[in-house]
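By convention in this document, chain letters (A, B, ...) are assigned in the order of the sequence lines, proteins followed by strands, and residues within each chain are numbered from 1.
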Number of protein chains: 2
Amino acid sequence: MTNAQTEEEFLSKYNLKDYPSVGVTVDLSVFTIRDGELSILLIERGGHPEKGKWALPGGFVETTEDLFTAASRELEEEVGLTLDESYLEQLQTYGNPNRDKRGYIVSVAYVALVPHISGVTAGSDANNAHFFNVDEVLSDDFELAFDHRQIITDGLERVRAKIEYAPIAHHFLTDDVFTMSELRKVYETVWGVDLTPSNFRRKVQSVKGFVETVKASAKSNRQPALYKAGDAEVIYPPLQRGGIS
Amino acid sequence: MTNAQTEEEFLSKYNLKDYPSVGVTVDLSVFTIRDGELSILLIERGGHPEKGKWALPGGFVETTEDLFTAASRELEEEVGLTLDESYLEQLQTYGNPNRDKRGYIVSVAYVALVPHISGVTAGSDANNAHFFNVDEVLSDDFELAFDHRQIITDGLERVRAKIEYAPIAHHFLTDDVFTMSELRKVYETVWGVDLTPSNFRRKVQSVKGFVETVKASAKSNRQPALYKAGDAEVIYPPLQRGGIS
DNA sequence: TCAAAAGTGTTGACTCTACACCCATGT
DNA sequence: ACATGGGTGTAGAGTCAACACTTTTGA
């Protein structure tokens, strides 16, 4: 218990003026492909609200940093990956007044695509951090903290939709050079479909700037050609979900 | 100046616990079509920060309401339109620490599409409310408050992209029955292109659930056929920006 | 030598654009 | 009657899915 003070001192201390103040967190849906399965990083909550449940990594934004900066800081703290090695974009903001028992806490959700890494560093207020199969996480009997089921559902749909028209799928790959099969398997895993290899390659190569050939194959197979990401910012015309019939 | 109190009372009063508190606003990009021009609602700021500049309508969220609810409340307060008469979706959240001189204030931006209405009710802290041509607003010599130029730019791109694949263009129209020409003119105005009437109609009608015929034309023209929005949630395959070559 | 994976070629179905053309009505 | 705008028909270009086929190497 502290001493008595004037309201003005508190307003200054908490950076309050004439508007209501709320808590703002960033929460990350960190997707990766692990053993051919689309997976997401969850952290077992160690702190009070929702203690013991699995939750998205994240934390409160500091009032000196941009939201994107806060998200990339969390990514580095909780996953140990820098922006160079991953992809990060804002998803949506969630602000139902009942979503957090501590009060009115708004969550700015981000989606990250990262290559699979074995060692995940658990955050300070977390007991445990682990990658889970996404389908498993979204099944009915998997208990998630807060409204994180909704955030994950939205994030998954964003990823599935966005790789259609944005060249970001390669962020799932460990190396920055890759084969056409590796790239195709990313799409097959994320969409949960089979794609015809020949048509996939043709489509990818027909989009200017999607991939660049690094090393041609030794005439053909068993030493497959290597590619790296090109400089295109959009895939046009987009790839199509759905796969073979 | 108030009396001395304990910190706990303040923490309770301001709903603070062990996390930093920030201000959260919702800001609306309200688009309409006025005299064949894509227009956006701006309000001349009457209050302190950025006083006299034009800004997006919006305000602080109350800690008892959902973000979407806050946005629709602002829409009703500042434009006088209900959700039934308009379209509202979350755009993105902006949280640069320097974006507002009052402190760390995060803005959750929404985009609204509304039919053109003549009387716009100015909010309490506003001198003046007015619809402006979007191109004029985004020209270099138009002074906007905060980071609202960026928000408007992002909102405009969202609208231009979204009408390709979501059946929301009809929210720009005053009546809920409309002619094919009226719908086409919405697309032409938003995209700033000319579209071939015949192909546009064929495309629209080929998408199941995009529009329903309300009244067939009196065999053909001068009493054009009337349509209303169908029950489709997406336009697939999407319409294409670009128009005639 | 055979299986597996890379990569090419081809065909039929579908789609889109451009443009010609027809139709009905208000003036 | 004719200009105007709604609406239909169609030919050519392009795209896509499916699938057969060739090539190369590891086992």
Specify the separation, in whole Å, of atom [atom1] of [X] and atom [atom2] of [N].
| X | N | atom1 | atom2 | value |
| --- | --- | --- | --- | --- |
| B:Arg201 | C:dT17 | CZ | P | 15 Å |
| B:Gln205 | D:dG6 | CD | P | 13 Å |
| A:Arg184 | C:dA6 | CZ | P | 6 Å |
| A:Asn199 | C:dA6 | CG | C1' | 14 Å |
| A:Leu226 | C:dA6 | CG | P | 12 Å |
| A:Met180 | C:dA5 | CE | C1' | 14 Å |
| B:Leu195 | C:dC16 | CG | C1' | 13 Å |
| A:Phe200 | C:dA6 | CZ | C1' | 14 Å |

- Query: Is there a donor-acceptor pair closer than 3.5 Å between any side-chain N or O of A:Arg149 and the backbone N or O of A:Phe142?
  - Reply: yes

- Comparing B:Pro197 with B:Arg202, nearest DNA chain D nucleotide closer to 5' gives the residue B:Pro197

- Among C:dA18, C:dG7, D:dG6, find the nucleotide with the atom closest to the side chain of B:Pro224. D:dG6

- Query: Got a second to check how far B:Leu83's CG is from B:His171's NE2, nearest 0.5 Å?
  - Reply: 9.5 Å

- Query: To the nearest 0.5 Å, how far apart are CG in B:Leu91 and OG in B:Ser29?
  - Reply: 6.5 Å

- Taking the nucleotide of DNA chain C with the closest heavy atom to each, which residue, B:Pro238 or A:Ser198, is nearer the 5' end? A:Ser198

- Sidechain N-carboxylate O distance under 4.0 Å for A:Glu157, A:Arg241: yes

